[in-house]
A.B. asks: 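Have a look at this one before I ask anything.
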Number of protein chains: 2
Amino acid sequence: MNLYGLIVFHHVAVMGSVTKAAEELRISQPAVTAHVRNLSHELGLTLLAPRGRGILLTAAGERVAAHAARVAALERDIKRDVDAFRSGESGVIRIAATSLPANFLLPGWLMTFREAYPSVVAKLVTGNARDARRALLHYEADLAVIGGSSEEFQGLSHRLLLEDELWFVVPAAHPLAGLSLALSSMIEQPFVMRETGSAAMDRLLSLCRVRGVRQPTAVLKVDGVQETVRHVAAGFGAAYVSSLEAKDAAARGEIARVDVTDAKLVNPIVLVWRADDPLPPIAAHFARQITGDGTAF
Amino acid sequence: MNLYGLIVFHHVAVMGSVTKAAEELRISQPAVTAHVRNLSHELGLTLLAPRGRGILLTAAGERVAAHAARVAALERDIKRDVDAFRSGESGVIRIAATSLPANFLLPGWLMTFREAYPSVVAKLVTGNARDARRALLHYEADLAVIGGSSEEFQGLSHRLLLEDELWFVVPAAHPLAGLSLALSSMIEQPFVMRETGSAAMDRLLSLCRVRGVRQPTAVLKVDGVQETVRHVAAGFGAAYVSSLEAKDAAARGEIARVDVTDAKLVNPIVLVWRADDPLPPIAAHFARQITGDGTAF
DNA sequence: ACAGATTCATAATTTAAAGTTATGATTAAC
DNA sequence: GTTAATCATAACTTTAAATTATGAATCTGT
């Protein structure tokens with residue numbers, strides 16, 4: 001079915017005149033007549049009847065005109081939505097993130113963003129850094145926020161968002177609480193570790209290998225972001241965690257930091273996106289918000 | 001916006017392939033590529049991204065594809081409805097009728113028709129014969145059922161549906177009940193008449209004029225179809241009415257017929273339509289039902 | 001790793017659609 | 001009865017949409 005013919009007929013029906021429809025559409029009157037004739041032939045219905053020196057819609061014409069109005073309305077609606085999408089007013093932001101940013105950074109960022117763009121829909125998938133990069137390359141996400149590694153990657157661009165300090169923490173009442181000491185001493189402590197490798201613990205293990213210090217021993221293996229800190233607070237042992245994870249509990253006096261003078265690592269948290277193709281406008285807005293600059297993404 | 005381009009893109013989105021979409025649309029692959037390119041340019045959005053040796057929809061593409069699916073669905077819906085309309089399965093029958101057929105004939109006819117065509121919508125306007133003809137000529141109705149006159153009319157065709165007998169009726173207990181007598185005697189009775197001229201009473205008045213008999217005298221003027229018979233039954237006087245109006249009351253013994261030997265008129269009831277243009281299919285079906293033949297309307 | 005097949009994009013060309021101007025028939029208006 | 005308005009038709013031009021042919025990139029299977 002020729003939908004443009006329907007749109008032309010819609011104008012004829014609304015104006016009640018072939019000539020007026022032609023003026024509105026900025027085409028000639030015979031062009032409108034031809035469209036109506038073609039549509040009429042295609043549908044097998046007589047749409048117009050001569051009425052005086054003008055025209056009048058037949059019953060079939062009235063019925064088809066009602067449908068034509070629906071098409072015109074749908075077209076307007078699509079146009080409106082596409083404009084909103086192009087300008088970045090609405091759309092879907094698909095984000096892949098590792099657990100630290102997914103739990104400690106993105107909730108706040110997305111909340112702020114939502115105030116400026118209320119019609120945004122965010123889809124957040126949490127996984128490890130490899131999952132996140134795979135999601136980007138498989139077009140399952142448009143942005144990734146990855147904590148713990150800032151390696152270059154084929155086809156991906158990245159940008160440092162912040163450098164998260166890694167802290168050794170112990171229960172608040174622990175003898176080492178608040179002290180300064182060397183890694184070799186700290187490592188003697190029993191550690192609470194994440195079951196699935198966390199970026200922080202990976203960094204610690206490789207640091208020990210480099211320094212020739214023995215590997216830390218796990219007194220407890222837990223799963224989940226909050227659980228490590230909770231179990232430290234409960235007295236199970238020390239842990240090596242992101243300052244973001246530890247900050248709140250430390251402020252509440254549940255755990256305490258230990259200053260290990262020869263192990264001051266930071267955990268880079270980077271924004272990653274596909275290097276080649278442009279971000280959806282709404283995702284670009286979000287990226288500009290969290291990087292705080294007007295770089296083209 | 002080029003809606004056909006959207007339809008083409010819809011096929012690409014559904015098939016996930018330019019080539020498969022081209023096969024489905026029975027056009028060449030470069031034609032599909034060109035449509036997508038044009039649409040992309042028109043909307044100012046990148047819709048497709050190369051993915052391996054195929055393509056993948058971008059976020060914008062997904063969003064536009066969702067709209068394209070709506071357009072495709074609407075097109076199917078319109079096609080379905082237009083087919084139903086063309087075949088006469090559905091549609092609107094606009095009927096203009098005079099009061100007698102509107103009250104005594106059309107209710108039954110429309111009820112029967114509705115059983116065969118449940119999705120029909122009937123619009124019935126009641127008026128006098130002139131109103132009904134005007135409604136036809138002004139395209140406000142497609143069919144008219146007119147009682148009482150069967151004159152030719154410019155631009156209108158007609159067909160006799162039935163010949164309704166006109167009866168003189170009196171209250172059941174009236175001395176004339178069931179008798180045979182001449183018009184000159186009958187006319188002495190006081191008559192119940194319709195306020196607005198009914199076809200039956202018009203015929204009676206002109207008959208009296210032709211026969212040189214004096215005009216009947218009105219003992220009561222009422223308005224409405226049923227009211228005349230009711231007031232006769234109540235004993236107000238005689239009346240000259242359609243057999244259709246009187247039949248039920250006569251069968252219930254509320255009124256009685258008087259056989260006036262020299263005044264046996266019939267009231268032709270005709271179906272009328274515009275001579276020049278074809279009836280809407282559904283109206284043609286209805287016309288065939290009530291005429292009981294397969295004449296082309 | 002390489003030959004062959006698949007998929008999409010581009011270029012050149014043809015075909016079909018859509019648009020134009022000019023003009024005629026019909027009807028309304030003065 | 002003349003004039004103006006409206007739509008339909010015809011002849012022609014322009015634009016859009018299709019075609020075939022071909023090239024670049026990528027996957028498949030040996």
Side-chain angles (χ1 to χ4, degrees), chain A residues 1-43 45-58 60-61 65 68 137-139 154-155 274-277, chain B residues 1-43 45-58 60-61 65 68 137-139 154-155 274-277:
Chain A
M1 195 188 312
N2 184 347
L3 293 175
Y4 180 58
L6 263 188
I7 295 292
V8 171
F9 182 65
H10 174 242
H11 283 85
V12 173
V14 168
M15 300 272 90
S17 154
V18 173
T19 303
K20 298 224 178 67
E23 284 168 12
E24 208 174 47
L25 291 162
R26 301 168 171 281
I27 60 178
S28 68
Q29 169 264 312
V32 173
T33 297
H35 272 296
V36 174
R37 177 163 33 77
N38 293 344
L39 182 64
S40 180
H41 187 256
E42 182 181 14
L43 300 180
L45 296 173
T46 303
L47 301 173
L48 298 181
R51 172 116 188 87
R53 63 185 177 188
I55 48 94
L56 197 77
L57 300 200
T58 62
L137 291 169
H138 284 64
Y139 294 87
Q154 178 65 266
R274 285 185 298 279
D276 34 355
D277 56 24
Chain B
M1 194 188 312
N2 185 347
L3 294 175
Y4 180 59
L6 263 188
I7 295 292
V8 171
F9 182 65
H10 173 241
H11 283 85
V12 174
V14 168
M15 300 272 90
S17 155
V18 172
T19 303
K20 297 223 178 67
E23 285 168 11
E24 209 175 46
L25 290 162
R26 301 168 169 282
I27 60 178
S28 67
Q29 169 265 311
V32 173
T33 296
H35 273 295
V36 174
R37 177 163 34 77
N38 292 344
L39 182 64
S40 180
H41 187 256
E42 182 180 15
L43 300 180
L45 296 172
T46 303
L47 302 173
L48 298 181
R51 173 114 186 90
R53 63 185 175 186
I55 48 94
L56 196 77
L57 300 201
T58 62
L137 291 170
H138 284 63
Y139 294 87
Q154 179 64 264
R274 283 185 299 279
D276 35 353
D277 56 24

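Because only heavy atoms are used, hydrogens play no part in the values below, and waters and symmetry mates are left out as well, while side chains stay in.
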A.B. asks: What residue among H35(A), Q29(A), R37(A) forms side-chain hydrogen bond (donor to acceptor under 3.5 Å, both in side chains) with T33(A)?
C.D. replies: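 One option only clears the test, and that one is Q29(A).
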
A.B. asks: Name the one of V36(A), T19(A), L25(A) that satisfies side-chain contact (heavy atoms from CB on, under 4.5 Å) with V12(A)?
C.D. replies: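 Among V36(A), T19(A), L25(A), the one meeting side-chain contact (heavy atoms from CB on, under 4.5 Å) with V12(A) is V36(A).
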
A.B. asks: Do the side chains of L3(A) and I7(B) get nearer than 4.5 Å, heavy atoms only?
C.D. replies: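 Yes, side chains in contact.
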
A.B. asks: Roughly, in whole Å, what's the span from NE2 in H41(A) to P in dT9(D)?
C.D. replies: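 Atom-to-atom, H41(A) to dT9(D), this comes out as 13 Å.
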
A.B. asks: Rounded to the Å, how far apart are E23(A) CD and dT20(C) C1'?
C.D. replies: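 Distance, rounded to whole Å: 16 Å.
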
A.B. asks: Mind checking if P30(B) touches a base, just sugar-phosphate, or nothing, with heavy atoms under 4.0 Å?
C.D. replies: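 Counting heavy atoms under 4.0 Å across all strands, the contact made by P30(B) includes a base.
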
A.B. asks: State, yes or no, whether a side-chain contact exists between L57(B) and L48(B) at a heavy-atom distance under 4.5 Å.
C.D. replies: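 A side-chain contact under 4.5 Å exists here.
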
A.B. asks: According to a strict under-4.0 Å criterion, is N2(A) in side-chain N/O contact with OP1 or OP2 of dA17(C)?
C.D. replies: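 No, N2(A) has no side-chain N/O under 4.0 Å of OP1/OP2 on dA17(C).
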
A.B. asks: Got a donor-acceptor contact below 3.5 angstrom from the E42(B) side chain to the N2(B) backbone?
C.D. replies: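 Checked: pair present.
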
A.B. asks: With a cut-off of less than 4.0 Å, is there a side-chain N or O of S17(A) near OP1 or OP2 of dT6(D)?
C.D. replies: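 Answer is no, no contact under 4.0 Å.
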
A.B. asks: Give the rounded distance in Å between these two atoms: CG of L56(B) and P of dA9(C).
C.D. replies: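 After rounding, the reported distance stands at 13 Å.
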
A.B. asks: Could you tell me how far apart L39(A) (CG) and dA8(D) (P) are, to the nearest whole angstrom?
C.D. replies: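 From L39(A) CG to dA8(D) P: 13 Å.
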
A.B. asks: So does S28(A) get a side-chain nitrogen or oxygen closer than 4.0 Å to the phosphate oxygens (OP1/OP2) of dT20(C)?
C.D. replies: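 For dT20(C), OP1/OP2 do have a side-chain N/O of S28(A) under 4.0 Å.
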
A.B. asks: Can you tell which of dA8(D), dA18(C), dA18(D) lies closest to the side chain of A31(B)?
C.D. replies: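 For A31(B), the side-chain atoms sit closest to dA18(D).
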
A.B. asks: To the nearest Å, give me how far apart OH (Y4(A)) and C1' (dA17(C)) are.
C.D. replies: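 The distance from OH of Y4(A) to C1' of dA17(C) comes to 12 Å, rounded to the nearest Å.
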
A.B. asks: Output the rounded distance in Å from NE2 (H35(B)) to C1' (dT19(D)).
C.D. replies: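 The answer, rounded to whole Å, is 12 Å.
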
A.B. asks: Would you mind telling me which of dT9(D), dT6(D), dA9(C) lies closest to the side-chain atoms of T19(A)?
C.D. replies: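 Taking heavy atoms from C-beta onward, the closest nucleotide is dT6(D).
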
A.B. asks: CD1 of I27(B) versus C1' of dA17(D): gap in Å, rounded?
C.D. replies: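 So the CD1-C1' distance, I27(B) to dA17(D), works out to 9 Å.
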
A.B. asks: Between atom CZ in R53(B) and atom P in dA5(C), what is the gap in whole Å?
C.D. replies: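 Value for this atom pair: 12 Å.
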
